[in-house]
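Inspection log for the structure reproduced underneath, given as structure tokens.
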Amino acid sequence: MPELPEVEYAARVARDAVAGRTLTTLRALHAALARDGAVDAAQVLVGRRLIDVRRVAKWQEFVFDDGAVLVVHFRMTGDWAVTDDAAVPRHARLELGFDDGRRLWLVDPRVLGRIAYIAPGTARTTRVGPDAHDPSLTPVALRARLARRSVAIKQALLDQAIVAGLGNIYAAEALWHARIHPATPASSLSLARVTRLLDGMRWALGEALGDPGRQAYGESLDRLAVYDKAGRPCPRCAAPIRRMVQGQRSTYWCGRCQR
DNA sequence: TATGGCCTGTGG
DNA sequence: CCACAGGCCATA
């Protein structure tokens, strides 16, 4: 489920639970996770001490004492479960065991989550843009990043190479707040509208950062303005919220106040 | 730049 | 039974 605020929270959960401990077990509990070889490759981490858990965009980076990194991505439905015994949580797909007996489980019903092992001194390759709340992302900078993209602004917001952190929910919410129609070509937005959009992005993420109840998959979507609200009244103008599909993803918007 | 594919679960 | 699900990547 995670968008940036949830991943930020998850990284903190992992850090608080196991940072400083030594990894004793790394085990895949589902064939799809084992298949690409990453769990095998990462076995060299067993016996190493975990220094820190960092977030980069929606990735979590487990940094070990020799500089090696285990990268974890939750995709749609991943989350952490922490236990002090060996009881396997429902939908656990990966087990990280530590020397004090604590275990961190990747719980991921859809099994879309992935891990990667990055050897010491190796650079990561995935390109990501600045976080949506990065102070260096000014309206002018955001407009420049959108300038060469003819895709709809909604789809541009989901492209982590442009801006990191917005997913399908917060992209819709940000556009609603900014009163921008989701199908607007990204490159056509005026600076004034990009300014509103940036404000909307930070509003959407800020709402979530202050809402720890939204961390777990399946939890409260009801206080959102438009996401999953087709047919319900727009909180701003009361016109019915509409739904369409862009790039195989549902988009929700208000047909009256988003132009 | 657009389209499947990945996986399982839930709800209509 | 089918549609849909909060994300990304490989492929054309």
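The figures here come from the full heavy-atom set of this structure, side chains too, leaving out hydrogens, waters and symmetry mates. Residue numbers begin at 1 in each chain, while the letters A, B, ... track the order of the sequences.
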message: Taking ring pair (Phe, Tyr, Trp, His ring centres under 6.0 Å) as the cut-off, I'd like each qualifying pair that reaches into residues 79-102 of chain A, sequence neighbours left out, listed once.
response: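 Counting only pairs at least two positions apart or across chains, the ring pair (Phe, Tyr, Trp, His ring centres under 6.0 Å) contacts touching residues 79-102 of chain A are A:F62-A:W80, A:F74-A:W80.
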statement: Here the side chain to side chain donor-acceptor pair (under 3.5 Å) pairs for residues 139-154 of chain A, sequence neighbours left out, are A:R149-A:D159, A:K154-A:N168, A:K154-A:T251
Aromatic plane relationship, A:W203 with A:W176 - under 30° parallel, 30 to 60° tilted, over 60° perpendicular: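 Ring orientation, 0 to 90° scale: tilted.
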Rounded to the nearest angstrom, tell me the gap between atom [atom1] in [X] and atom [atom2] in [N].
| X | N | atom1 | atom2 | answer |
| --- | --- | --- | --- | --- |
| A:L157 | C:dG7 | CG | P | 12 Å |
| A:W59 | C:dG7 | CH2 | P | 13 Å |
| A:L158 | B:dT3 | CG | P | 15 Å |
| A:D108 | C:dG7 | CG | P | 13 Å |
| A:L112 | C:dC4 | CG | C1' | 13 Å |
| A:R114 | B:dC6 | CZ | P | 10 Å |
| A:H73 | C:dG7 | NE2 | P | 9 Å |
| A:I162 | C:dC8 | CD1 | C1' | 15 Å |

Cluster partners of [X], using ILVMFWY side-chain heavy atoms under 4.5 angstrom, listed by chain and number?
| X | value |
| --- | --- |
| A:V88 | A:L29, A:W105, A:V107 |
| A:V111 | none |
| A:M244 | A:W253 |

By nearest atom, which of the nucleotides [options] is closest to the [X] side chain?
| X | options | result |
| --- | --- | --- |
| A:Q248 | B:dC7, B:dT3, C:dC8 | B:dT3 |
| A:R75 | B:dC7, C:dC8, C:dC4 | C:dC8 |
| A:R243 | B:dT3, B:dT8, C:dA5 | C:dA5 |

message: Is there a salt bridge (charged side-chain N to carboxylate O under 4.0 Å, His left out) between A:K58 and A:D131? Walk through the geometry before answering.
response: CA-CA 10 Å; A:K58 296 180 199 169; A:D131 281 350; over 6 Å; no
pair [X]-[Y]: side-chain heavy atoms closer than 4.5 Å:
| X | Y | answer |
| --- | --- | --- |
| A:R48 | A:D66 | yes |
| A:V151 | A:Q246 | no |
| A:R196 | A:R179 | yes |

Measure all distances between protein nitrogen or oxygen atoms and nitrogen or oxygen atoms of nucleotides 10-12 of chain C, and list the pairs falling under 3.5 Å.
none

Atom pair CG/CG of A:L96 and A:L70 - distance to nearest 0.5 Å: 6.5 Å
Which residues share a salt bridge (Lys or Arg N to Asp or Glu O under 4.0 Å) with [X], sequence neighbours left out:
| X | value |
| --- | --- |
| A:D84 | A:R102 |
| A:D100 | A:R21 |
| A:E95 | A:R27, A:R103 |

- prompt: Which value, in whole Å, describes the distance between the P atoms of nucleotides B:dG4 and C:dA3?
  reply: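 B:dG4 and C:dA3 have their P atoms separated by 14 Å.
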message: Measuring only the P atom in each nucleotide, how far is B:dC7 from C:dT11? A whole number of Å is fine.
response: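 The answer is 14 Å between these two P atoms.
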Between the protein and nucleotides 9-12 of chain B, list the N/O to N/O atom pairs that are separated by less than 3.5 angstrom.
unit_1: B:dG9; atom_1: OP1; unit_2: A:H91; atom_2: NE2; d: 3.1

message: Just to be sure I follow the notation: if a pair is Watson-Crick (purine N1 to pyrimidine N3 plus N6-O4 or O6-N4) or a G-U wobble (N1-O2 and O6-N3), each under 3.5 Å, what dot-bracket string does DNA chain B give, with | for pairs to another strand?
response: ||||||.|||||
Would one find a side-chain N or O of [X] under 4.0 angstrom from OP1 or OP2 of [N]?
| X | N | answer |
| --- | --- | --- |
| A:S250 | C:dA5 | yes |
| A:H30 | B:dT8 | yes |
| A:R35 | B:dC7 | yes |

- prompt: Hey, are A:T77 and A:D108 close enough side-chain-wise for a donor-acceptor pair under 3.5 Å?
  reply: yes
- request: Indicate, with a heavy-atom threshold strictly under 4.0 Å, whether A:R249 touches base, sugar-phosphate, or nothing.
  value: base
query: By a strict heavy-atom criterion of less than 4.0 Å, which residues belonging to residues 147-156 of chain A are in contact with DNA chain B?
result: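 The answer is A:S150, A:V151.
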- request: Report yes if a donor N or O on one partner sits less than 3.5 Å from an acceptor N or O on the other, where the partners are the side chain of A:Q160 and the base of C:dG7; otherwise report no.
  value: no
